[in-house]
Structures are given as structure tokens and as C-alpha cells.
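Scroll down for the structure; my scribbles are underneath it.
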Amino acid sequence: MHIPDGFLDLKTVLGTDLVAAGALAVTVRAVRRRLSSRQVPLMGLTATFVFAAQMLNFPVAGGTSGHLVGAALTAALVGPGAAVLVMTAVLVVQCLVFADGGLLALGANVLNMAIIGGLGGGLLYRVLASRSRGLRGQVSAAAFAGWCTVVLGSAACAVELSSSGTVPLRLVLPAMVSVHMLIGVGEAVITALVLVAIASIRPELVTRGRPRPIPLPLRLVAGGVGAALCLAVLLGPFASSLPDGLEHVATTLGFVERAASAAAPLADYHVPGMAPSVTATAAAGAIGTLLMLGASLLIGRLLVPGGGPAKPGTER
Amino acid sequence: MRPDFLDRYSRLSSPVHRLPAAVKTTATLALITTVAAAPRGWTPLFVATAAALLVLAAMSRIPPLFLVRRLLLLEPFVIGVAFLSLFQPGGWERFVVLLARSTLCLFALILFTNTTPFSQLLTVLRRVRVPGIFVTLLALMYRYIFVLLDESTRLQRARASRSFSRRAGRGWRGTAQMAGQLFVRSSERAERIYDAMCARGWRP
């Protein structure tokens, strides 16, 4: 999902770079105010850990394999603000050492993965995990947050690509989002598994990140993230039918429709029985999100037998 | 693990390597911006940029095969996205321009990162007023990537030596357990590093 240079036009590059720089400046200030200096090496090593963990392969059927992205996991372990800086550092090193992800597109990549991932995923995790007690709630929340970060990041990526005129939105948004709804399931499961593994070795590393009831402003931001998710899933398809070369659409419509379904492996992304319309696509997105929420609860239940309130010994 | 496998060639000695890092950063940014912003018809500009980059690559004394391999490693995503642009009016032309543009940018970036040591990049970042805490984060990361990758290799070797069938411990749970172990070890290491940093008079 690392956007290389050359795909984004100057307006998108400037926009995303400015937004990312602004968000980073605010985060740095907040992190500096709230974290002790003891956290600095921890953040550095967490960034290194994310980098190394991304190289571990999780085999998927047919000889392919996936890997962890890690934004939601990081946010669950070190908090949303620190997670933004950690993920940004990972992206900067990937760009400056491996040329993975463009230099001008760094802002867009930071926005898609570090800010949406760390801040959005982290806040989502906090809201969900603070509603329940115990490890089981944390694991479920992290799994769902992991799925959301991947899906939202891919939606943002699609919007940036299309706003640069590289590819039309009605093509790239459904293609990216449907593929990443599947990839996100992998991310959710891996996030949950790693969190459980850490809790089994050093429980206090997980429970110290247990969210306290969160203040109102943060809850508002989290509400905003939730609203953005709904918008992306529900309104995205509508936005994609906005005129974008309308006069050509008439001539190429049949072709484009076929191309779209060929480009998305999840070709039956539409709800059966309904015409493959915008509404059906939106409904499929909403159903997918709800299903994933249920699946996350199930993941927590499966991985943490006898969840409930934490045992006295595991609390610090 | 060889401690320099990440940026083996960034410390060679050539005219390109010897240029100040700030100059190279500015030049790369300018070049990528120009190429990314150039309108579709400007074929001479693309050709000229490609020629200039090839000359620089030759001057840098980096093995050409290495550069080509890096380029090919990152090209699939470029082709994948460019492929989507085929499905619109004037698709073929867009596809070619997009491919040329992003390949040129990618090549410039690969050349830049492989001729500039990371420590010099950090100095540039510090000079353009990137917050200190963030530069420290990057420096720590670069310092410990090798250590952690070694740690990861050790964990994998230990698992391989203890599992007798090919598949044992290779499931998701086993790998996740390893990732968890890796995080625990890195956070323990972070505490020791903090003590060591303080002992040497570091302050944030």
C-alpha cells in the first residue's frame, strides 16, 4: 500500500504533506508533554519491532503469505500518540533506506498508515476496550481496530490516487476497499494473536496499556473516526458515481463495469438478490463491517478463554 | 547477519557519494517534483532525466545489477496501479506516462538512498528543524534494526531446531508467538538502553 512517487499530482502531494506534517507536529507536542523520557527508547525499539515483525510471514493458502502492518497493535501497546510517531518512523526508514514508498508521497503514506492507523485505530481501540474489562475485551477491540485501519487506509489511498487523476474513483475505491476488507481480516487475526502471545509472556505489557475511561474531546475525535468509516463504507460508492468524465462513461460503460468486476477478486461484492447498484455496494460494505465486529468478538472469545475481569495476579 | 546489508553501498567513495547530503536531498526532491508535475507531452524531459540518472548511476560505482534488482523489487506495485489506469479514456497513453514517471522517480530515490549514509540524512533532518524526539526515534531505529533482525533470526532458528516436522510451529499461532516474544525482548532491551543512555548523560 506504499504509494510510490509519480502517482500523485502536486495538489494531492501538497495537501497530504501539509495535513500529515500538521498532524505530526500536534502529535509530537502531545507526546512530549505526556510521556516520560523513559518512553523514548521504548518508542524507538517498538518502531524497530514493527519493522522486524513485518518481515515475519504468515502463510495463506496457495503459497502466498501475508504480514502484519501493526498500526493497531502498536496503538494498543504504546498508545495512539506514540503509535503515530512509531509508524511514521517505520515509513520514513522504509522510504529512505529501501525506497519503499515515495519521497513526495511520504505525506500520503503517513496519512494512510501512521495517522489513520495509529490515531484512528488507537482511538477506536480505546473506545471499544474501555467499554469492557479484561484481556478479552482488549483483544477483540484490537482485532476490530486492526481491520478498520487496513480498510480505512486503503480507502484513503484510493481517494488520493483518484484525486490525482491517476485512476477513476469508481474503479479504484471498490477494488481497493474490497480487497482490503479481506486483507484486514488477516491483520485482525494476527493483531489478536500477537497481543495474546505478549499477554501470556509479560501480562503487564498489555494491561498497562489498558484504556482508562477517556475524556470527552478524545471521544469526539473517536466519533469522528467512526463517522469517517461509515462515510467511506456507505458514501464512497455514491461519491464514485459523481461525474468523472461523464461523456466517456456512456461509451465505455459496459467495458468499465466488466473491468471493475475483473479488477476486484471479490467479484460478488454485491448483495445477492439486489441489482449490483451503488446501494448494494454500500449495503455490502456496512454488512462487512458489522460481520467483522461480530468476528472480532468471536476472536476475543476464542483466544482468551474465561476472559471477563482480569485475574488479580495479572494486574499491576 | 552482516551489519551493512541494508545500505551496503551507501558508504562507497565516489563523486556522487562525496556530494553533501543536503545538496543531494534538495536535488532529489526537485527532480522528483519536476518529473511528477511534468505534463504528459514532455517526452524530452523524461528522456533527459533518464539519461542524467543513468550517468549518475554509472558515476556512483554501485553495481548496476544491484540497482536493477532494487528497481524490479518495487516495480510490481507500480505496474499494478498503472494497470488500473488502462480502464479509462486514453488509457494506453496514460499507462505509459505513469509507468515512465514513477519508474524515474523510483530510480532517483533508489540512487539517492544508496549514495547517502543514513547518519547524514539524520543531520539534514535535524537541520530542517524536524523535532528532536523524532530524529532520536529514527536514529534508535536504524541502530537497532540489525540487532532485532538478528534476534528474529535466532528465534526462527530455535524454532526450526526444535520442530521435527516441516510444518510444526509454522502456523499463525506459532509465528504470532514469535512476534510477541520479539516485542517482549525489545521492550526489555529498551529499558536497558534507557539506563545506558542516562548513564552517558543523555537528556531528551
Side-chain angles (χ1 to χ4, degrees), chain A residues 2 4-10 13 28 31-32 37-38 40-49 51-53 55-59 68 77 85 89 92-93 96-100 102-104 161 166-168 171-172 175 189-190 193-194 197-198 200-202 205 245 248 252 255-256 259 263, chain B residues 6-7 28-29 32-33 35-37 70 74 77-78 81 84-85 87-89 98 101-106 109-110 113 118 121 131 133-134 136-142 144-145 148-149 151-152 170 172-173 175-184 186-187 189-191 193-194 197 203-204:
Chain A
H2 295 56
D5 280 322
F7 280 126
L8 303 179
D9 64 357
L10 280 192
V13 161
V28 163
V31 165
R32 217 187 254 149
S37 56
R38 184 170 278 276
V40 174
L42 179 65
M43 274 159 58
L45 269 278
T46 307
T48 321
F49 157 74
F51 191 89
M55 292 187 174
L56 294 176
N57 284 325
F58 288 82
L68 182 74
L77 289 169
L85 297 190
V92 169
V93 167
L96 291 185
V97 177
F98 289 112
D100 192 7
L103 200 57
L104 289 182
L161 286 178
T166 308
V167 274
L171 208 72
V172 72
V189 173
I190 300 173
L193 281 172
V194 175
I198 295 171
S200 73
I201 308 167
R202 288 269 304 268
L205 287 180
H248 298 287
T252 51
F255 177 58
V256 166
Chain B
L6 279 185
D7 48 0
T28 312
L29 269 175
I32 292 180
T33 315
V35 172
R70 272 283 148 96
L74 296 163
F77 183 81
V78 172
V81 177
L84 276 178
S85 74
F87 302 107
Q88 55 186 332
L98 211 54
R101 222 184 242 164
S102 45
T103 307
L104 281 177
C105 291
L106 196 57
L109 190 56
I110 290 176
T113 55
F118 197 73
L121 283 177
I133 186 174
F134 193 70
T136 310
L137 208 60
L138 287 176
L140 276 168
M141 202 182 158
Y142 187 70
Y144 287 100
I145 278 177
L148 244 68
L149 287 179
E151 190 106 64
S152 174
R170 301 247 160 169
W172 280 31
R173 211 178 249 265
T175 311
Q177 194 73 33
M178 221 158 59
Q181 182 67 252
L182 199 60
F183 178 76
V184 170
S186 15
S187 75
R189 191 182 291 276
E191 311 227 322
I193 293 169
Y194 177 74
M197 279 159 77
R203 57 189 53 199

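Letters A, B, ... are given to chains in the order of the sequence lines, protein chains preceding strands, and every chain is numbered from 1.
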Considering non-hydrogen atoms only, spot the tightest contact between B:Leu98 and A:Gly6 and give its length.
CD1-O, 3.8 Å

The reported gap from CZ in A:Phe7 to SG in B:Cys105 (rounded to nearest 0.5 angstrom) is 10.0 Å

Could you tell me which of B:Arg189, B:Met178, B:Met141 has the largest number of non-hydrogen atom pairs under 4.5 Å with chain A?
B:Met141

Out of A:Gly44, A:Ser200, A:Gly102, return the one with the most heavy atom pairs under 4.5 angstrom to chain B.
A:Gly44

Return the CG to CZ distance between A:Leu45 and B:Phe183, rounded to the nearest 0.5 Å.
9.5 Å

CA sep, side-chain torsions, deciding dist, call: A:Ile190, B:Trp172, side-chain contact (heavy atoms from CB on, under 4.5 Å):
CA-CA 7 Å; A:Ile190 300 173; B:Trp172 280 31; 3.8 Å; yes

Can you tell me how far CE of A:Met55 sits from CG of B:Leu148, rounded to the nearest 0.5 angstrom?
11.0 Å

Does any backbone or side-chain atom of B:Phe118 lie under 4.5 Å from a heavy atom of chain A? Answer side chain, backbone, both or neither.
side chain

Considering only heavy atoms, which portion of A:Val13 lies under 4.5 Å from any heavy atom of chain B: side chain, backbone, both, or neither?
neither

Looking at B:Thr136, B:Leu137, B:Ile133, which has the largest count of heavy-atom pairs under 4.5 Å with chain A?
B:Leu137

Please classify the contact of B:Leu121 with chain A as side chain, backbone, both or neither, using a heavy-atom distance under 4.5 Å.
side chain

What part of A:Leu103 is in contact with chain B, defined as an atom under 4.5 angstrom from a non-hydrogen atom: side chain, backbone, both or neither?
both

Would you mind reporting whether B:Leu138 and A:Val93 have side-chain heavy atoms less than 4.5 Å apart?
yes

Gap separating the CG atom of A:Leu104 from the CG atom of B:Leu29, nearest 0.5 angstrom:
6.0 Å

For B:Val35, which atoms come within 4.5 Å of any heavy atom of chain A: side chain, backbone, both, or neither?
neither

Tell me, for B:Glu151 versus chain A, whether the close heavy atoms (under 4.5 Å) come from the side chain, the backbone, both or neither.
neither

Shortest non-hydrogen contact from B:Gly180 toward A:Ala197
CA-CB, 4.3 Å

Please find the pair of heavy atoms, one from A:Ser37 and one from B:Tyr194, that lie closest to each other, and give the distance.
OG-OH, 3.1 Å

Go through the atoms of A:Leu68 and report whether side chain, backbone, both or neither lie under 4.5 Å from a heavy atom of chain B.
neither

Atom pair CE/CZ of A:Met43 and B:Phe134 - distance to nearest 0.5 Å
9.0 Å

Which region of A:Leu85, side chain (C-beta onward) or backbone (N, CA, C, O), has a non-hydrogen atom less than 4.5 Å from a non-hydrogen atom of chain B, or is it both or neither?
both

Checking B:Ile145 against A:Val97 for the side-chain contact (heavy atoms from CB on, under 4.5 Å) test, could you report, in this order, the C-alpha distance in whole Å, the side-chain angles of both residues, the deciding distance, and whether it holds?
CA-CA 12 Å; B:Ile145 278 177; A:Val97 177; over 6 Å; no

Minimum-distance pair of heavy atoms, taken over all atoms of A:Pro41 and B:Ala190
CB-O, 3.7 Å

Heavy-atom closest contact (B:Ser102 atom, A:Asp5 atom, distance):
CB-O, 3.1 Å

State, yes or no, whether a side-chain contact exists between A:Thr46 and B:Ser186 at a heavy-atom distance under 4.5 Å.
no

Side chain to side chain contact (heavy atoms under 4.5 Å, CB included) partner of B:Gln181, the single match among A:Ile198, A:Ile201, A:Val194
A:Ile201

Where on A:Asp9 is there a heavy atom nearer than 4.5 Å to chain B: the side chain, the backbone, both, or neither?
neither

Below 4.5 Å from any heavy atom of chain B, which atoms of A:Val92 appear? Answer side chain, backbone, both or neither.
side chain

Contact part of B:Thr103 toward chain A, heavy-atom cut-off under 4.5 Å: side chain, backbone, both or neither?
neither

Distance, nearest 0.5 Å, that separates CG of A:Leu193 from CD of B:Gln177
9.0 Å

